[in-house]
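Below is one structure, written out as structure tokens, with a few remarks after it.
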Amino acid sequence: MASTQALYEELLDSWRKAVLLGSVQNQLGWDEQTYLPPGGAAHRADQMSLLAGIVHQQLTTPRLGELISALETADKPPGSNGLLDANLREARRRYDRLTKLPTRLVEELTRVTSLAQQNWVEARKKSNFEMFRPWLEKIVALKREEAAALGGGDGVGNGAPYDALLDDYEPGAKSTDVAKIFASLRAALVPLVRAIAGATKRPDVSILTRYYPKAAQAEFAKAAAAAIGFSFQDGRLDESPHPFCSGMGPGDCRLTTRYDEHHFPGAFFGVLHEAGHGLYEQGLDPKAFGTPVGEAASLGIHESQSRMWENFVGRSQAFWKHFYSQAQTRFSEALGSVPREAFYAAVNDVHPSFIRVEADEVTYNLHIMIRFELEQQLIEGQLKPADVPAAWNEQYTQSLGITPAKDAEGCLQDIHWSGGMLGYFPTYALGNMYAAQLFQTARKAVGDLDAQFAKGDFVPLRTWLKDNVHQLGRQFPPGKLVERITGQPLSHEPLVAHLKAKFEPLYGL
Ligand code: CO
């Protein structure tokens, strides 16, 4: 019989091939969003689906299943520490997910979501939910089937069906825990949002829609990304309609953004956000590339990094103490006579709004909780897709005190459901809470962050994140990772404390 070491090496070798192929897919996906001429779209779809099929095959071969099973019961070689176990845990998780789903269901989901996305684009443009309703019905039915095939939350029939979907994005997360922490967060946020809405002190946001030339925006955003430590030797920044970050592998991480010459925050904070994702990708251990634990811990942890650099760093007083004079020089027409305090207040404007992606730091999480509740009810069969618009509007009225007048600014605004991505939304709010808790610990660990930021020194924070989060990849499930670093299970309190400390003074509360 082959030695444990030989089996392990065969597993890693096979896994690495799948990850390499997946990175080729990523590369083509990046090209599709940035430089692909429109005429090449159909050919690109053929290339992508061929690769997707090969990757799927590579990760579902019976031999891979045999290797995982054999290693699970084998005597572990001395000195293998926790890495072998972590790789096995992740390999098992992925393999089971991929092999439990019948091929028919996977193909049907791919076909339906591709058509549904096209229909969603049209339905949103026309703000016509009825156009999208049949597609949402099909998708919800298929996702319920998927959850059942995966065996509910823990794979053996325990836990809510929704947990099986959530687990795809946030390994190990349970909807009951998420619901509990969201409820605590909501209880603290709603009064804060109301108080801010009633404040008489308001920032002048018109300064942000003055003329900001595109070339200067691009240079400034690049300079800021480089300052926080994003390496342009190992990455690039391009334009795309929807901003994203794609880590191709060691030494190659791609960011994108979009520019609006009459809206400063979009591109600037967008680039800081994507660069935060990029620092995570660039901070992964290159030697672990291609192993099951060689990637980011979860979407929630990924988002914690982007939101930390975007909001906790990029929208702080200290950050602008360093960068504001540069901004004034680059955008002298728009900002030449604007005091730093007024600019700081404007980029931290808080007001209830309909569109999630434009929401501020305080109201953002309420948008997520609404989607989380609705999609749980859809998967559990308590809410019919036809009743989504009414339920959506009622939730907005209750949580944010505003009611969408049309579905384009209500339940049709996000792409996720049309793409079959149910279970994804909670990771955004979890990311904000992870960010706050990690940032609080970083403050204690690396000294006066504000003083460092004010000098333009971001090395201590970045190094701390690299050592404690990035380098570890997927060695720990997200909840455990945060508990290991901060000494506490995830709590809503650090985020609430951060928001109060920052926004009460800003709004004179
Ligand atoms: Co993000």
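First listed ligand is number 1; within each ligand, the first listed atom is number 1.
- For the pair NE2 of His273 and NE2 of His277, the angle at the Co ion (ligand 1) is about 90°; rounding is to 10 degrees.
- In terms of heavy atoms, Pro426 sits closest to Ile368 at CA-CG2, 4.0 Å.
- Two rings, from Phe268 and Trp320, have their centers less than 6.0 Å apart.
- Not a single N/O/S atom of Glu274, whether from backbone or side chain, sits less than 2.8 Å from the Co ion (ligand 1).
- The salt bridge (charged side-chain N to carboxylate O under 4.0 Å, His left out) contacts involving residues 347-372 comprise Arg202-Asp349, Arg356-Asp414, Glu361-Lys502, Arg371-Asp414, where partners must be two or more places apart or lie in separate chains.
- In this structure His56 satisfies the ring pair (Phe, Tyr, Trp, His ring centres under 6.0 Å) test with no other residue, sequence neighbours excluded.
- With a cut-off of 2.8 Å, the Co ion (ligand 1) has no N, O or S atom of Cys245 in range.
- Shortest distance from the Co ion (ligand 1) to Glu303 is reached at OE1 (N/O/S atoms only).
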